[in-house]
Amino acid sequence: MTHSGSSLPDLPNCTSTAAPMSEIRSPPPDRVLEIVLENVLHFLTCRRDRNAASLVCHSWYRAEALTRSDLFIGNCYAVSPHRATSRFRRVRSLTVKGKPRFADFDLLPLNWGAHFSPWGSALADAYPWLEKLHLKRMSLTDDDLNLIARSFPSFKELVLVCCEGFGIPGIAAVAANCRLLRVLDLVESVVEDADEDEEVMDWISCFPDGETHLESLVFECVECPVNFESLERLVARSPYLKKLRLNHYVSIPQLYRLMHRAPQLTHLGTGSFCASDDVAVGDQELDYSSAFAACKSLVCLSGFRDILPDYLPAIYPACANLTSLNLSYADVNADQLKPVILQCHKLQTLWVLDSICDEGLQAVAATCKDLRELRVFPGNTREEVEGPVSEVGLEVISQGCRKLQSILFFCQRMTNAAVIAMSKNCPDLVVFRLCIIGRYRPDPETHEPMDDGFGAIVMNCKKLTRLAVSGLLTDQAFRYIGMYGKLVRTLSVAFAGDSDQGLKYVLEGCPNLQKLEIRDSPFGDAALHSGLHHFYNMRFLWMSTCKLTRQGCQEIARALPHLALEVIDSQEDKADDHIEILYMYRSLDRPRNDAPKCVTILQ
Amino acid sequence: MENCSYEKVGLNLEATELRLGLPGSADEHDEKLSSCSYSSSSSSSVVIRSKKRSSPEESIDDEEELKSNKRTMISHHNDDQDKNVPPSKAQVVVGWPPIRSYRKNNGVQQQQQEQKKKGEEVYVKVSMAGAPYLRKIDLNFYNTYQQLLLALENMFNCTFGEYSEREGYNGSEFAPTYEDKDGDWMLVGDVPWNMFISSCKRLRIVKGSEAKGLGCL
């Protein structure tokens with residue numbers, strides 16, 4: 001996120017709450033300091049620093065509130081829109097996050113909440129000069145998008161990640177009305193299909209005629225065909241376009257045309273990367289690699305949906321400059337990957353499918369010495385005994401990619417030895433997320449739990465802030481985390497632990513813990529109770545299918561009044577007191593009133 | 001006469017029962033999956049619902065998913081002693097492994113299945129002459145007429161016999177028909193599979209004698 005600039009604050013369209021013109025010429029003495037402070041605070045961009053500054057005294061609090069132009073709301077229910085807009089009067093860029101992450105895995109009822117509408121109306125009133133809006137896991141309707149499109153004449157950037165509830169009409173409204181739009185990124189969001197009878201609107205042609213300001217257009221997740229002629233015309237009249245990520249309705253011949261129209265692209269998400277059905281037999285095959293050669297600035301490639309691996313060599317011209325490659329939707333085996341990856345010396349980010357096997361990972365380790373982030377996704381999500389990637393691949397990566405900072409690795413088998421090796425070879429690890437798909441699976445070589453592996457990670461990776469554990473784990477694993485995971489902010493636990501003690505270790509030992517998500521683990525009320533001292537420091541805690549009771553949660557609610565405890569249950573009157581889901585978060589305002597029936601908010 | 005046909009064809013009423021309420025307790029449900037009396041002639045005769053359910057990535061709605069959570073919780077309480085034993089295949093674990101639905105729906109596994117309709121499930125109602133309850137199936141789940149017909153035969157415990165262009169399902173006790181986009185009732189099998197998928201609004205299994213009339217036209 002950009003800051004408000006290094007020049008003196010100059011905010012058109014806003015009535016200053018500070019002094020009128022006459023006083024600015026000769027401000028009273030106490031105001032001088034405030035004005036100086038405001039000017040200085042403009043340079044402060046990190047929100048944690050700003051939070052600290054705001055706590056110094058009332059005067060600093062006011063000055064900071066007036067000068068914060070990027071507002072980050074980590075949980076849409078932690079504050080009411082009114083409270084946020086009352087404190088921060090000159091916000092130009094807003095980020096709001098809604099549902100907890102486990103909603104992505106269907107663990108949250110569909111109509112749970114995170115509705116954007118109340119925020120929308122508050123923003124329209126308070127920030128007519130709003131330029132940027134980033135939403136994650138929010139529920140927003142076409143009406144909301146319409147409101148956004150019409151309320152902010154300076155609107156430049158809309159980024160929607162994992163959102164749902166809207167459709168093509170909403171997107172079209174934004175395209176048509178936001179004349180200064182630079183960024184329209186729809187990422188992994190669910191775009192509602194139009195009714196069967198209705199024609200699918202061509203939202204691409206809703207962008208105004210003439211040159212656009214578009215720098216980034218991402219619509220991979222929009223599951224409906226686009227009018228290619230409109231798209232080609234749009235790209236042709238968008239000279240600033242750097243990022244373009246297409247959906248899979250764009251075929252490779254169409255991609256070819258687009259790339260020749262926009263050789264300045266730096267980030268490209270290909271469409272389907274196979275010929276469309278329209279291509280008649282005998283058509284001259286285009287030289288697709290010429291398109292990749294023409295786009296000399298490409299640093300990031302993604303997409304490759306429905307890939308025909310025969311076409312993969314087309315990207316060779318771009319490989320040497322690539323820093324980011326996402327093949328995670330492409331069923332590519334090791335032999336098909338190797339010729340590509342062996343040219344990607346500068347690669348820093350790689351997302352792949354486990355179809356590349358340990359052999360493919362070996363090739364990555366041999367070439368990508370600069371790799372910082374690796375994600376290996378499973379092609380098959382069933383709990384099998386063997387899978388294409390294993391401890392062999394992890395170990396090989398740890399040996400070859402010493403600068404690794406972030407890893408997400410799905411596999412069917414993993415050994416403690418490999419995890420320990422990675423903890424020693426990759427000391428820069430900040431994010432370590434290992435998902436052994438088979439639940440409760442021990443080390444296949446030693447038949448021991450995976451405690452020691454994860455223990456080594458928290459012990460040796462001193463910069464670790466995010467950890468996800470899996471496999472057979474006893475309370476000992478959590479003892480290690482509590483002992484050594486002093487910087488851990490996010491912890492994800494599933495099917496792990498023996499008793500309350502496990503959770504106690506974590507709540508008592510990890511002072512920086514902010515996000516804790518646990519499912520299907522035997523932690524109960526006593527364990528939850530041990531975190532009372534810390535819950536106000538956390539963004540949220542999620543516990544589903546654990547051993548919590550309503551009674552236990554009620555006690556927490558009584559002890560901590562600024563905590564919202566949402567108990568989500570499918571049945572109302574139950575024999576026992578056990579609850580299914582607890583979602584708990586701090587909140588400065590009253591409990592929300594938009595919760596569905598299955599949610600009870602304890603106070 | 002219609003009523004007597006239940007016994008004649010051995011219609012498994014329980015199997016065709018459309019449940020409007022909650023699915024009931026976990027044990028009962030699992031029992032149903034294992035004890036349904038479907039024809040065991042071919043390995044591809046699957047119980048449609050359980051096939052869907054065995055894929056942990058199935059995204060199911062509100063109440064059902066909370067039910068599944070409970071199922072997992074119940075099984076966990078019971079299995080405290082046997083944590084090391086791999087779970088049975090029938091067990092459904094919602095949201096595991098933690099892959100976003102978006103990635104699953106667009107993932108590799110389903111690519112072939114979704115070539116036809118790019119990620120949509122096409123549920124159509126299936127009725128049968130004389131049966132009080134309807135069923136629903138996802139047409140996109142199948143790739144050929146053979147698969148679909150086999151599934152229907154299993155679901156309703158009937159046989160369709162041999163299809164021929166000239167004579168339809170001549171000689172069989174039952175025949176599959178469908179209503180197309182224009183509202184006409186057609187015999188299943190006449191048009192190419194893809195065309196059928198995109199135009200079929202609902203299915204109906206009729207008596208062979210009724211279908212004969214269609215074939216002759």
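Naming convention: chains lettered A, B, ... in sequence-line order (proteins, then strands); numbering from 1 in each chain.
Applying the side chain to side chain donor-acceptor pair (under 3.5 Å) rule to Thr159(B) yields no partners; only residues at least two apart in sequence or on another chain are considered.
If you measure heavy-atom distances from Glu220(A) to chain B, the contacts under 4.5 Å come from both the backbone and the side chain. With a threshold of 4.5 angstrom between heavy atoms, Cys221(A) approaches chain B through its backbone and through its side chain. For Phe102(A), no part lies near chain B; criterion is any non-hydrogen pair under 4.5 Å.
Side-chain contact between Arg519(A) and Val93(B): present, with at least one pair of heavy atoms (C-beta onward) separated by less than 4.5 Å.
Within 6.0 Å of CZ in Arg202(B) there are 12 or fewer heavy atoms belonging to other residues, nucleotides or ligands. Around the CD atom of Glu384(A), the shell of radius 6.0 Å holds more than 12 heavy atoms that belong to other residues, nucleotides or ligands.
Under the 3.5 Å distance criterion, the side-chain polar atoms of Trp96(B) are matched with a main-chain donor or acceptor of Ile437(A).
Heavy atoms only, all atoms of each residue included: Phe410(A) and Pro97(B) are closest at CE2-CB, 4.1 Å. For Ile99(B) against Thr381(A), the heavy-atom pair with the smallest separation is CG1-CG2, 4.2 Å.
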